[in-house]
Amino acid sequence: MNKVISLMGPTASGKTDLAILLAQEFNLEIISVDSVMFYKEFNIGSAKPKEEILAKFPHRMINILEPFEEYSVAKFYENLLLHIKEVHNKKKIPLLVGGSMMYFKTYFSGGLSDLKIVQNDIKKLIDDMLSKNNLEFLYDYLKKIDIEFAKKIHFNDKYRIVRGLEIYFSNKKKPSEIINYNLKEKKFFKNLNLSVIPNSRDNLHKNIEIRLDNMLAEGLLDEVNKLNFKYVGKKLPAMSTIGYKQANEFLQGKMNVKTMRSNILAATRQLAKRQITWLRHIDATIVYELLVYDNILIRVDKFVRKKI
RNA sequence: GGCUUGGUAGCUCAGUUGGUAGAGCAGUGGACUGAAAAUCCUCGUGUCGGCAGUUCAAUUCUGCCCCGAGCCA
């Protein structure tokens, strides 16, 4: 008994409702794969299921972090394996649901390369390098120490340039030498991978709009205010995510409600687009263009019954 | 009704001393190994409001008309 079902899809595609239905129908245990729902108190803006739903259908990996905690794909992968194991020990099948595609990718790839955690002094060192020079300098530096790695990233991609240097300084080795890009999909589990890629982008965009208006009606701005008040002076990683970021800009008087709303909508659409790009290119998934519940139920039923 | 001003890409606007035009945003496709709802890359033909006139040539000049904004009546 080592089956795992994954249900992936872009934001606002209706994954959560389907997951609950599947969990109910097949006695599955839901494990959330959502980088914002990890956080306590980030409820409305992350479209986290309501308390009552969570009480009835427990989701693992939701509300596992305090709002000020830092997290990473590596920690996620560790936690995920523990949860999968726990579910299997209960003779049940876990249902991974979410839209954080890099997290899914990491699961499908069987984890990450074995790299050291970057210490603060190294972060500061690179930060100083950057502020004393410019990004071009960092990129040239990276090219000198590891041309192979540098070639893979764009000279404007600050995030990855910095990360490359972090890996180099932390591990004292070339990133291209210690990152194993060919981690074979480790067949720890028997997977059923389901992707939902909406066939109509227009409909998805409409759903995004409806959902945002619900969030605003439910008190998104209030939620942001409360978080700001309660954790004043602390850095909240999820505060820079879609919805929260723009709500803060509005609350700081940088824009009016109308602009905030259209900025959130645009950012959400762009997120959905990126998620769909992942979904198109992740192998070994069965793709549904619509949430045709019947087809999916039949598929899952077959998988659950199958003797492996 | 008169005067002023504007009508250019889905939106906001730039521009063409007359040779049919380009930015930002939006949208699209893509990349993705410890912040990933992050970070980054690619892609720009549209009767330049309509009709007529001048001209070798008009989106650009002229006239009339239509639509919007402001002011005066």
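Letters go in sequence order (proteins before strands), and every chain restarts at 1. These figures come from a predicted structure and were not determined experimentally.
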Map every base of RNA chain B to its dot-bracket character, where paired means a Watson-Crick or G-U wobble contact with both distances under 3.5 Å and | marks a partner outside the strand.
(((((((..((((.....[..)))).(.(((.......))).).....(((((..]....)))))))))))).

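With P as the reference atom, C67(B) and A23(B) are 35 Å apart, rounded to whole Å. Nucleotides A26(B) and A9(B) have their C1' atoms positioned 11 Å apart, rounded to a whole Å. Nucleotides A21(B) and U4(B) place their C1' atoms 28 Å apart, quoted to the nearest Å. With C1' as the reference atom, C72(B) and C11(B) are 33 Å apart, rounded to whole Å. For the P atoms, the distance from G53(B) to A58(B) is 11 Å, rounded to whole Å. Rounded to a whole angstrom, the distance from the C1' atom of A52(B) to that of A14(B) is 29 Å. Atom name P, nucleotides G29(B) and G19(B): the rounded distance is 37 Å, in whole Å. Nucleotides C61(B) and U16(B) are separated by 13 Å at their C1' atoms, to the nearest Å.
Listed by residue number, there are no residues of residues 217-238 of chain A with a heavy-atom contact under 4.0 Å to RNA chain B. Using a 4.0 Å cut-off on heavy atoms, none of the residues of residues 63-70 of chain A approach RNA chain B. Within residues 150-178 of chain A, the residues having any heavy atom closer than 4.0 Å to RNA chain B are, in order of number, H154(A), N156(A), D157(A), Y159(A), R160(A), R163(A). Using a 4.0 Å cutoff on non-hydrogen atoms, no part of residues 129-149 of chain A comes near RNA chain B.
One side chain, Y231(A) or E41(A), offers a donor N or O that lies under 3.5 Å from an acceptor on the other. Judged by distance alone, the side chains of S176(A) and D146(A) do bring a donor and an acceptor atom under 3.5 Å apart. Side chains of E69(A) and Y39(A): no donor on one and acceptor on the other come within 3.5 Å.
Taken to the nearest 0.5 Å, the CG atom of N207(A) stands 10.5 Å off from the NE2 atom of H205(A). From N228(A), atom CG reaches atom CG of L236(A) across 7.0 Å, with rounding to the nearest 0.5 Å. Note: I64(A) CD1 to H59(A) NE2 = 13.5 Å, rounded to the nearest 0.5 Å. Between atom CG of residue N248(A) and atom CG of residue L227(A) there is a gap of 9.0 Å, rounded to the nearest 0.5 Å.
Under the rule for a ring pair (Phe, Tyr, Trp, His ring centres under 6.0 Å), the partners of Y103(A) that lie at least two apart in sequence or sit in another chain are F38(A), F76(A). Qualifying salt bridge (charged side-chain N to carboxylate O under 4.0 Å, His left out) partners for R274(A), counting only residues two or more places apart in sequence or in other chains: none. With sequence neighbours left out, the salt bridge (charged side-chain N to carboxylate O under 4.0 Å, His left out) criterion links E249(A) to no other residue.
Position along RNA chain B of the nearest nucleotide to L271(A) versus T106(A) favours T106(A) as the more 5'-ward residue. Projected onto RNA chain B by closest heavy-atom contact, D114(A) and I276(A) fall at different nucleotides, the more 5' of which corresponds to I276(A).
Whole-Å rounding puts the Q275(A) CD to G30(B) C1' distance at 15 Å. Atom pair R211(A):CZ and A37(B):P shows a separation of 13 Å (rounding to whole Å applied). Taking atom CD1 of residue I197(A) and atom C1' of nucleotide G29(B), one finds them 14 Å apart after rounding to whole Å. Here A38(B) presents its P atom at 18 Å from NZ of K105(A), a figure rounded to the nearest Å. Rounded to an integer number of Å, the gap from F104(A) CZ to A36(B) C1' is 14 Å. Rounded to whole Å, the distance from CD on Q246(A) to P on A37(B) is 14 Å. Following rounding to the nearest Å, L112(A) (CG) and A35(B) (P) show an atom-to-atom distance of 10 Å. Y71(A) places its OH atom 18 Å from the P atom of A38(B), with the value rounded to the nearest Å.
The phosphate of A35(B) (OP1 or OP2) has no side-chain N or O of S72(A) nearer than 4.0 angstrom. Contact annotation: S240(A) side-chain N/O to A37(B) OP1/OP2 distance is not under 4.0 Å.
Using a cutoff of 4.0 Å between basic side-chain nitrogens and carboxylate oxygens, D140(A) and K144(A) are not scored as salt-bridged. A salt bridge links K40(A) with E66(A): at least one charged nitrogen is closer than 4.0 Å to a carboxylate oxygen. Note on D34(A) versus K48(A): no salt bridge recorded, every NZ/NE/NH1/NH2 to OD/OE distance being 4.0 Å or above. Electrostatic pairing of K90(A) and E29(A) counts as a salt bridge here, judged by a charged N lying under 4.0 Å from a carboxylate O.
Within 6.0 Å of atom CD in E218(A), more than 12 heavy atoms from other residues, nucleotides or ligands are found, so the atom counts as buried in its surroundings.
Y107(A) has its ring centre no less than 6.0 Å from the ring centre of Y77(A).
Residue V73(A) has its side chain nearest to G34(B) when only G34(B), A36(B), A37(B) are considered. Checking G30(B), A36(B), G34(B) against every side-chain atom of A74(A), the shortest atom distance belongs to G34(B). When each of A31(B), A36(B), G34(B) is scored by its nearest atom to the side-chain atoms of L115(A), the top-ranked nucleotide is G34(B).
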Less than 3.5 Å apart, which donor and acceptor atoms pair up between the side chains of residues 151-163 of chain A and the rest of the protein, not counting sequence neighbours?
unit_1, atom_1, unit_2, atom_2, d
H154(A), ND1, N156(A), N, 3.0
D157(A), OD2, R160(A), NH1, 2.8

Sequence neighbours excluded and cut-off under 3.5 Å, please list the side-chain donor-acceptor pairs for residues 300-308 of chain A, or say none.
unit_1, atom_1, unit_2, atom_2, d
D301(A), OD1, R305(A), NE, 2.9
D301(A), OD2, R305(A), NE, 3.0

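In this structure, F76(A) reaches neither bases nor backbone, as no heavy-atom distance under 4.0 Å exists between it and the strands shown. Within 4.0 Å of S35(A), counting heavy atoms only, lies at least one base atom of the nucleic acid. Contact annotation for G243(A): no contact, since no heavy-atom pair falls under 4.0 Å across all strands. Using a 4.0 Å heavy-atom distance criterion, S262(A) is classed as making no nucleic acid contact. Residue Y244(A) is classed as having no contact, given no heavy-atom separation below 4.0 Å to the nucleic acid.
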Summarise protein proximity over nucleotides 23-28 of chain B in one line of letters, 5' to 3': B for base, S for sugar-phosphate only, - for none, counting protein heavy atoms closer than 4.0 Å.
---SSB

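Under the 90° criterion around 0 for the glycosidic angle, G34(B) counts as syn.
The aromatic rings of Y141(A) and F137(A) lie tilted to each other, with the angle between the two planes from 30° to 60°.
Side-chain contact between T11(A) and T268(A): present, with at least one pair of heavy atoms (C-beta onward) separated by less than 4.5 Å.
Under a 4.5 Å side-chain heavy-atom cut-off, the cluster of Ile, Leu, Val, Met, Phe, Trp and Tyr residues that includes M37(A) is completed by L54(A), I62(A).
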